[in-house]
K.L.:
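Please see the structure below; I have some questions.
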Amino acid sequence: VDELFAATAAPLPEFAVQEAVVAMRAAGSGETADSVLRLFYEKMLAQRAYSPGYFIGLAELYLQQGAYAQAEALLRRMTAQSPEPYGAHLDASSLLDRLGQPQVALSFASERMRAEPWNKEAQLAVARLEASTAALEAIARDTAAPYELRDQAAQQLAATGGSSQGFGSDELDLLARGAAAPTANPAQAGFYRARLFAAAKAAPSSQ
């Protein structure tokens, strides 16, 4: 594999690499699959193919291997080269949070919020990472924010034990309490997310 990547000057077809990786994982060769992906991402970046997906994919591999400093440095490089100022910060923050680096994730999200204090998505990311009940409540009540973000803020309040009310929506109040949605009228408008939330809570966890 090393020889193939070293000998190939042109970018390798991504679909072929992905198919090979899937086949390797199916055959139980997870470590080899990770090595192939790492080499592919490194080669693409070396050829100045600065797709955010390559940065994120390689950073994820670094994080899974415990190379936290390398992952952060790579994500810093991604944000510096993003065509939109601060445009990749939340993607970096999401990845770091998902893979167990909440403090570094908070630094990326906070930078985006300081640059764009009006950005509701950045506000939510910071509030969630700081576990700030007051900030989450403010977002859930903010009628200028997209409803999807208000919904996420309410669900996060439930996850942190919040039980506030008065968010301007019965559904948001239910979500913030972590309560099940009404079942008398399944077609009742405005409770779609609450039913999904209740179903997800009731579903058995995957092993």
K.L.:
What is the minimum heavy-atom distance between A140 and A153, and which atoms define it?
P.N.:
N-CB, 4.0 Å
K.L.:
Walk me through it: do L136 and L124 pass the test side chain to side chain contact (heavy atoms under 4.5 Å, CB included)?
P.N.:
CA-CA 7 Å; L136 289 168; L124 176 60; 3.9 Å; yes
K.L.:
Calculate, to the nearest 0.5 Å, the distance between atoms OH and CG belonging to Y68 and L96 respectively.
P.N.:
11.0 Å
K.L.:
Please find the pair of heavy atoms, one from A105 and one from D97, that lie closest to each other, and give the distance.
P.N.:
CB-N, 3.6 Å
K.L.:
Among side-chain atoms of Q155 and D151, is any donor-acceptor pair under 3.5 angstrom?
P.N.:
yes
K.L.:
Would you check if the side chain of S107 reaches a backbone N or O of V104 as a donor-acceptor pair within less than 3.5 Å?
P.N.:
yes
K.L.:
State whether the side chain of S35 and the backbone N or O of E31 hold a donor-acceptor pair below 3.5 Å, judged by distance alone.
P.N.:
yes
K.L.:
Once you round to the nearest 0.5 Å, how far does CZ of R128 lie from OG1 of T160?
P.N.:
11.5 Å
K.L.:
Would L45 end up clustered with F40 when hydrophobic side chains under 4.5 Å apart are linked, directly or stepwise?
P.N.:
yes
K.L.:
Taking the side chain from Q123 and the backbone from P117, do they hold a donor-acceptor pair closer than 3.5 Å?
P.N.:
yes
K.L.:
I need the minimum non-hydrogen distance between A92 and M78, along with the two atoms involved.
P.N.:
CB-CE, 4.0 Å
K.L.:
For E116 and P85, work out which heavy atoms get closest and say how close.
P.N.:
OE2-O, 4.3 Å
K.L.:
So with a 6.0 Å cut-off around CD of E84, is the heavy-atom count from everything else above 12?
P.N.:
yes
K.L.:
Heavy atoms only: give me the nearest A59-A71 pair and the separation to one decimal.
P.N.:
O-CB, 3.8 Å
K.L.:
Kindly indicate whether the side chain of L74, heavy atoms from C-beta on, has any atom under 4.5 Å from the side chain of Y41.
P.N.:
no
K.L.:
Report the residue from E42, K43, E14 that forms a side chain to side chain contact (heavy atoms under 4.5 Å, CB included) with Y54.
P.N.:
E14
K.L.:
Is there side-chain contact between L149 and Q152, with heavy atoms separated by less than 4.5 Å?
P.N.:
yes
K.L.:
Measure the CD-OG distance between E111 and S93 for me, rounded to the nearest 0.5 Å.
P.N.:
10.0 Å
K.L.:
Between T79 (side chain only) and R76 (backbone N and O only), is there a donor and an acceptor less than 3.5 Å apart?
P.N.:
yes
K.L.:
Check ring pair (Phe, Tyr, Trp, His ring centres under 6.0 Å) between Y86 and all other residues, then give those that pass, not counting sequence neighbours.
P.N.:
H89
K.L.:
What about M113 and I139, same hydrophobic cluster or not, with Ile/Leu/Val/Met/Phe/Trp/Tyr joined at side-chain heavy-atom distances under 4.5 Å?
P.N.:
no
K.L.:
Using 0.5 Å steps for rounding, measure from the CG atom of L58 to the CG atom of L63.
P.N.:
10.0 Å
K.L.:
Between L95 and Q101, is any pair of side-chain heavy atoms under 4.5 Å apart?
P.N.:
no
K.L.:
Whether R112 and E121 form a salt bridge (side-chain N of Lys/Arg under 4.0 Å from carboxylate O of Asp/Glu) is what I want to check.
P.N.:
no
K.L.:
Would you compute the distance between atom CG of L75 and atom CD of E60 and round it to the nearest 0.5 angstrom?
P.N.:
10.5 Å
K.L.:
Enter the distance from L99:CG to Y62:OH here, rounded to the nearest 0.5 Å.
P.N.:
14.5 Å
K.L.:
Report yes or no: do F167 and Y147 belong to one cluster of Ile/Leu/Val/Met/Phe/Trp/Tyr joined by side chain heavy-atom distances under 4.5 Å?
P.N.:
yes
K.L.:
Check whether any side-chain heavy atom of L61 lies under 4.5 Å from a side-chain heavy atom of Q64, and answer yes or no.
P.N.:
yes
K.L.:
Are L90 and V126 connected, step by step, through hydrophobic side chains (Ile, Leu, Val, Met, Phe, Trp, Tyr) whose heavy atoms are closer than 4.5 Å?
P.N.:
no
K.L.:
Is there a path of hydrophobic side-chain contacts, each under 4.5 Å between heavy atoms, that joins Y50 and F108?
P.N.:
yes
K.L.:
When you compare the side chain of L37 with that of Q18, does any pair of heavy atoms fall below 4.5 Å?
P.N.:
yes
K.L.:
What is the minimum heavy-atom distance between G30 and R25, and which atoms define it?
P.N.:
O-NH1, 3.7 Å
